[in-house]
Number of protein chains: 2
Amino acid sequence: MKAPASASTPGSVAEPPEPRWLTQEEQRVWRSFMEGVTLLDDHLDRQLQRDAGMPHVYYGLLVKLAEAPRRRLRMTELAMLAKITRSRLSHAIARLEKNGWVHREDCPDDKRGQFAVLTDQGYEVLRQTAPGHVEAVRQAVFDRLTPEQQKSLGEIMRIIAEGLQPAEAGADLPWLR
Amino acid sequence: MKAPASASTPGSVAEPPEPRWLTQEEQRVWRSFMEGVTLLDDHLDRQLQRDAGMPHVYYGLLVKLAEAPRRRLRMTELAMLAKITRSRLSHAIARLEKNGWVHREDCPDDKRGQFAVLTDQGYEVLRQTAPGHVEAVRQAVFDRLTPEQQKSLGEIMRIIAEGLQPAEAGADLPWLR
DNA sequence: GGCCATTTGTTTAAAGTTCAAGGAGGGGCC
DNA sequence: GGCCCCTCCTTGAACTTTAAACAAATGGCC
């Protein structure tokens, strides 16, 4: 495909600029990325579904709760930490509540608010399944990468994440970032 | 948490080995990774849902078909290329067929077989939406990374993907790898 | 040919996600 | 107080994904 002569000096008629296609090498990088992510995500989802009876995202929610003071977080805060919508979180917490791993509690300060609280039972599930999960992550990722690659991966993904962080997110909750 | 004295010289009673927990730094890497992936995936899904009326995975299927000889692929082959299950593919193709972007065709050599074929209309959708999609990928990823980081990302994700590739996958279709 | 394990692709139902809409409370402003 | 806009969270419907079960065709083997 050839760029039209006007590509660098567009006339008065509005033309869409020539798309900045990916080079061969960029395409290879992008495909490796998508494949790696897809395979890894599926792998961890299956591992956790099998050993903990929940998808990876749900597991991540329990982890965030376990790390929080008093093992509880406001719904909106948890949603932001986990990078999911509040709607999705609502459904997820409903499911985890049915399992007895989380329960909801009203917020005394704000009657609109809800806390998601990790139950003892939920904590126990986490305690029992965490070793298997870390091991899976290690085998799939860290065991295969050199320390330099690990560092590099961290930097790269941090950059990408920062670029996509909704601008307002946590503007008033800066300690979450 | 302290490792028991027996950790390095286990006695005759079977004990689970002390889990290889992630270090602080490894945790930071892992979280950046998960966050970046989550945000990026959501971002691209929304972009394509808005501009092309389909999720990212479905778009990927059309791309694979467009690149294939005669714009067609056997279901199993396409599933392997896209790293998804055949079941998921069946549903996806059904949906794309309803849109008129793909149609199924019987395989003359193998009466069990089906080809998924990209229609002209499907190709047209791809042609119109590809520029917007590449641009989104560029802005979110390539524009933010140095050439070295891009190269590094490619290597790292290739390593991770290889480690998770089901052993049999494409054993008899080596040219797909 | 006949048998049997395997491959191919689909189907069903359950589970998870998304999107748009909505109820209820907070908080500023008059 | 009363009004209005915003935030917090939930809901229901539509859609996508998963897991398990299935029919049909293949291919090796006797």
Side-chain angles (χ1 to χ4, degrees), chain A residues 38 41-50 52-61 72-80 82-99 102 104-116 166 168-173, chain B residues 38 41-50 52-61 72-80 82-99 102-117 166 168-173:
Chain A
T38 305
D41 238 32
D42 287 6
H43 181 66
L44 295 180
D45 254 338
R46 264 194 271 289
Q47 185 264 318
L48 282 171
Q49 192 66 58
R50 175 167 47 78
M54 65 188 134
H56 193 187
V57 184
Y58 289 24
Y59 181 89
L61 296 176
R72 73 193 54 212
L73 285 169
R74 287 287 295 269
M75 294 295 280
T76 297
E77 206 170 344
L78 180 50
M80 283 182 359
K83 267 75 192 169
I84 63 176
T85 62
R86 274 177 309 194
S87 170
R88 187 175 177 182
L89 180 62
S90 256
H91 290 296
I93 293 295
R95 188 303 208 164
L96 292 171
E97 205 170 17
K98 243 186 245 171
N99 284 269
V102 164
R104 291 185 220 242
E105 216 165 279
D106 290 343
C107 175
D109 307 339
D110 184 340
K111 286 179 191 165
R112 296 166 304 176
Q114 289 277 101
F115 282 105
E168 336 73 41
D172 48 345
L173 265 29
Chain B
T38 305
D41 238 32
D42 287 5
H43 181 65
L44 295 180
D45 253 339
R46 266 194 213 99
Q47 185 265 317
L48 283 171
Q49 192 67 58
R50 176 167 46 79
M54 65 189 134
H56 193 189
V57 183
Y58 290 22
Y59 181 88
L61 296 176
R72 72 194 56 211
L73 285 169
R74 286 286 296 268
M75 294 295 281
T76 298
E77 206 170 342
L78 180 50
M80 283 182 358
K83 267 75 191 170
I84 63 176
T85 62
R86 276 176 311 203
S87 171
R88 188 174 176 183
L89 181 62
S90 253
H91 291 295
I93 293 295
R95 194 290 216 171
L96 293 171
E97 204 169 18
K98 241 185 249 172
N99 283 271
V102 164
H103 76 99
R104 291 183 219 242
E105 217 164 278
D106 290 344
C107 175
D109 306 339
D110 184 339
K111 285 179 192 165
R112 296 166 303 179
Q114 288 277 102
F115 282 105
V117 188
E168 336 73 39
D172 49 345
L173 264 30

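In what follows, every heavy atom counts, from backbone to side chain, and hydrogens, waters and symmetry copies are set aside. In what follows, chains carry the letters A, B, and so on, assigned in the order in which the sequence lines appear, proteins first and then strands, with residues in each chain numbered from 1. Please read all numbers here as calculations on a predicted model, not as lab measurements.
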**Q** Between C:dG16 atom P and A:Leu48 atom CG, what is the distance in whole Å?
**A**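 My rounded result for the distance is 13 Å.
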**Q** Between A:Phe115 and A:Asp106, what is the shortest heavy-atom contact and its length?
**A**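 Shortest heavy-atom contact: CD1-O, 4.1 Å.
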**Q** Give me the first and last nucleotide of DNA chain D, going 5' to 3', that has any atom under 4.0 Å from a heavy atom of chain B.
**A**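 From 5' to 3', the first and last contacting nucleotides are D:dT16 to D:dT26.
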**Q** Which pairs, protein N/O on one side and nucleotides 25-27 of chain C N/O on the other, fall under 3.5 Å?
**A**
unit_1: C:dG25; atom_1: N2; unit_2: A:Arg112; atom_2: NH1; d: 3.1
unit_1: C:dG26; atom_1: OP1; unit_2: A:Lys111; atom_2: N; d: 3.4

**Q** Checking A:Arg88 now: which residues fulfil side-chain contact (heavy atoms from CB on, under 4.5 Å) with it, not counting sequence neighbours?
**A**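 Testing A:Arg88 for side-chain contact (heavy atoms from CB on, under 4.5 Å), a comparison that skips the adjacent residues, returns A:Val57, A:Ile84, A:Thr85.
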**Q** Please report the distance, rounded to the nearest Å, between CZ in B:Arg74 and C1' in C:dG9.
**A**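 Going from B:Arg74 (CZ) to C:dG9 (C1'), I get 9 Å.
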**Q** Please give me the minimum heavy-atom distance between A:Ala116 and A:Ile93, naming the atom from each residue.
**A**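 Minimum heavy-atom contact is CB-CD1, 4.0 Å.
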**Q** Among residues at least two apart in sequence or on other chains, which ones pass ring pair (Phe, Tyr, Trp, His ring centres under 6.0 Å) with A:His56?
**A**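 Checked A:His56 against ring pair (Phe, Tyr, Trp, His ring centres under 6.0 Å); matches are A:His133.
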**Q** Give the rounded distance in Å between these two atoms: NZ of A:Lys83 and P of C:dT18.
**A**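 For the pair A:Lys83 NZ and C:dT18 P, the rounded distance is 16 Å.
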**Q** Between A:Arg86 (CZ) and C:dA20 (C1'), how many Å, whole number?
**A**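 Value for this atom pair: 14 Å.
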**Q** Please name the pair of heavy atoms, one in B:Lys83 and one in A:Asp42, separated by the smallest distance, quoted to 0.1 Å.
**A**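 Of all heavy-atom pairs spanning B:Lys83 and A:Asp42, the closest is O-OD2, 4.0 Å.
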**Q** Mind checking what makes salt bridge (charged side-chain N to carboxylate O under 4.0 Å, His left out) contact with B:Arg104, not counting sequence neighbours?
**A**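 So B:Arg104 forms a salt bridge (charged side-chain N to carboxylate O under 4.0 Å, His left out) with B:Glu97.
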**Q** Report the residues that fulfil side chain to side chain donor-acceptor pair (under 3.5 Å) with A:Arg74, sequence neighbours left out, ordered by chain and then residue number.
**A**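 So A:Arg74 forms no side chain to side chain donor-acceptor pair (under 3.5 Å) with any residue.
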**Q** Tell me, please, which residues at least two apart from A:Ala92 pass side-chain contact (heavy atoms from CB on, under 4.5 Å).
**A**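 side-chain contact (heavy atoms from CB on, under 4.5 Å) list for A:Ala92, sorted by chain: A:Tyr58, A:Leu61.
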**Q** May I ask you to say what A:Phe115 touches in the nucleic acid, namely base, sugar-phosphate or nothing, with a heavy-atom cut-off under 4.0 Å?
**A**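 Answer is nothing: A:Phe115 stays at 4.0 Å or more from every strand.
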**Q** Can you measure A:Tyr59 atom OH to C:dG16 atom P for me and round it to whole angstrom units?
**A**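 A:Tyr59 atom OH is separated from C:dG16 atom P by 17 Å.
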**Q** Using heavy atoms to find the nearest nucleotide of DNA chain C for A:Gln49 and B:Arg46 separately, return the residue whose nucleotide is more 5′.
**A**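 Here A:Gln49 is the residue nearer the 5' end.
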**Q** Report the residues that fulfil side chain to side chain donor-acceptor pair (under 3.5 Å) with A:Arg112, sequence neighbours left out, ordered by chain and then residue number.
**A**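 Testing A:Arg112 for side chain to side chain donor-acceptor pair (under 3.5 Å), a comparison that skips the adjacent residues, returns A:Asp110.
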**Q** Taking only residues two or more places apart in sequence or in another chain, which ones pass side-chain contact (heavy atoms from CB on, under 4.5 Å) with B:Gln49?
**A**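 Residues passing side-chain contact (heavy atoms from CB on, under 4.5 Å) with B:Gln49: B:Pro55, B:Arg95.
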**Q** From CZ of B:Arg50 over to P of C:dC19, roughly how many Å is that when rounded to an integer?
**A**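 B:Arg50 atom CZ is separated from C:dC19 atom P by 11 Å.
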**Q** State the CD-CZ distance between A:Gln114 and A:Arg72, to the nearest 0.5 angstrom.
**A**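 Those atoms lie 12.0 Å apart.
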**Q** Output the rounded distance in Å from CD (B:Gln47) to P (C:dC19).
**A**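 From B:Gln47 CD to C:dC19 P: 13 Å.
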**Q** Which whole-number value in Å describes the distance from B:Tyr58 OH to C:dT18 P?
**A**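 Rounded to whole Å, this separation is 13 Å.
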**Q** For DNA chain C, what residues of residues 87-94 of chain A have any heavy atom nearer than 4.0 Å?
**A**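 Close to the strand are A:Ser87, A:Arg88, A:His91.
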**Q** Would you mind classifying the nucleic acid contact of A:Arg104 as base, sugar-phosphate or nothing, using non-hydrogen atoms under 4.0 angstrom?
**A**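 Sugar-phosphate, backbone atoms only, no base.
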